[in-house]
Amino acid sequence: MTVFEKAYAKINLYLSVGARRPDGYHELTTLMQTVALFDELKVTLTPSDVTDVTLTVLENTDLVTDGRNLAVRAALAYLESAKLTCEVRIELKKRIPVAAGMAGGSADAAAVLRALNGVCRAMDDDRLLDLAATLGSDVPFCLIGGCAVCRGRGERISPVLGAKAQNIVLAMSGEPVSTPDAFRTLDLQRASGVATANEEALVSLVEYLQEGGRVPALYNSFEEAILPTLPIASELHSRLCKTADAVLMSGSGSTVFGVFASEDDAKEAANALVADGYRAIAISTKI
Ligand code: C5P
């Protein structure tokens with residue numbers, strides 16, 4: 001049986017990194033938003049006495065395709081947890097930039113879980129979310145998508161209902177950022193103390209998303225620590241600041257995005273960046 005899934009990228013409209021926990025993870029308060037940029041997956045399941053998972057990547061052949069790839073790990077974890085054996089062939093059209101702060105790998109893993117559970121129906125939503133959390137901090141959100149405030153490691157999800165579509169420009173510098181390295185850099189830079197999340201700023205942001213009005217200030221703890229180490233992303237950030245209502249780096253970088261008042265304004269800004277040789281797209285948060 002073959003199923004097709006889309007794996008949507010996310011941006012963080014707010015990301016406050018709190019203290020490092022005894023388990024090595026950091027307490028997060030983040031507002032995640034799905035954007036209309038996606039990988040495409042074709043997942044073929046064949047009944048078999050032994051489990052065998054293979055991944056073929058189209059359009060980005062640099063990606064690892066063995067057990068280090070989160071999509072493969074997701075399939076293996078699902079089958080093991082469900083006590084099933086199966087041959088799984090995954091074909092992945094990779095469009096979300098890798099190591100760019102948009103949860104591309106997590107989105108693929110979530111899409112594999114959706115595909116397998118759609119066919120096998122071995123788990124209810126809660127069990128699938130628990131399994132997703134074992135694969136990575138962003139995987140539970142990617143399973144649900146939309147707009148949500150996520151806390152804990154990222155796995156405690158409160159959906160934001162009725163969030164209005166935003167006009168976004170994603171500007172992708174191509175400078176890869178390792179997430180564990182970014183957390184380490186942040187820890188070193190603020191050895192003297194950790195800021196607590198600004199809940200008021202988060203409330204203002206949720207109100208803006210639900211009711212409209214002026215875009216409030218956006219915040220990402222990683223921006224101050226990581227953006228200065230990324231020359232192209234820094235340039236893209238400065239360029240977007242000239243025309244966007246708000247600009248922020250997503251996740252641990254390196255993608256930066258701008259929020260624009262209209263689709264036309266977003267297209268104009270993206271076209272101007274593309275004309276100067278940068279990779280940028282105007283995109284909606286509506287999927
Ligand atoms: O959960 P995930 O495997 O995606 O996380 C990748 C790395 O990012 C972790 O190994 C950890 O170093 C860091 N991380 C963290 N706190 C979080 C999420 C991720 O320190 N809440």
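Atoms considered below: every heavy atom in the structure, side chains included; atoms not considered: hydrogens, waters and symmetry mates. One-based numbering, in listed order, for ligands and for the atoms of each.
Rounding to the nearest 0.5 angstrom, the gap separating the OH atom in Tyr219 from the CG atom in Leu15 is 8.0 Å.
Cation-pi geometry between Lys42 and Phe4 is not met: the NZ or CZ atom fails to fall both under 6.0 Å from the ring centre and inside 45° of the normal.
Looking at Ser48, its side chain never comes within 3.5 Å of a backbone N or O of Thr51 through a donor-acceptor pair. Here the side chain of Asn220 pairs a donor or acceptor atom with the backbone of Phe222 at under 3.5 angstrom. Within the 3.5 Å criterion, the main-chain N or O of Asp187 finds no donor-acceptor partner in the side chain of Gln189.
Near ligand 1, residues Gly24, Tyr25, His26, Leu28, Gly136, Ser137, Arg153, Thr179, Pro180, Phe183 come within 4.0 angstrom through at least one heavy atom.
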Residues 266-275 side chain polar contacts: donor-acceptor under 3.5 Å, at least two apart:
from, atom 1, to, atom 2, distance (Å)
Lys267, NZ, Glu263, OE2, 3.2
Asn271, ND2, Lys267, O, 3.3

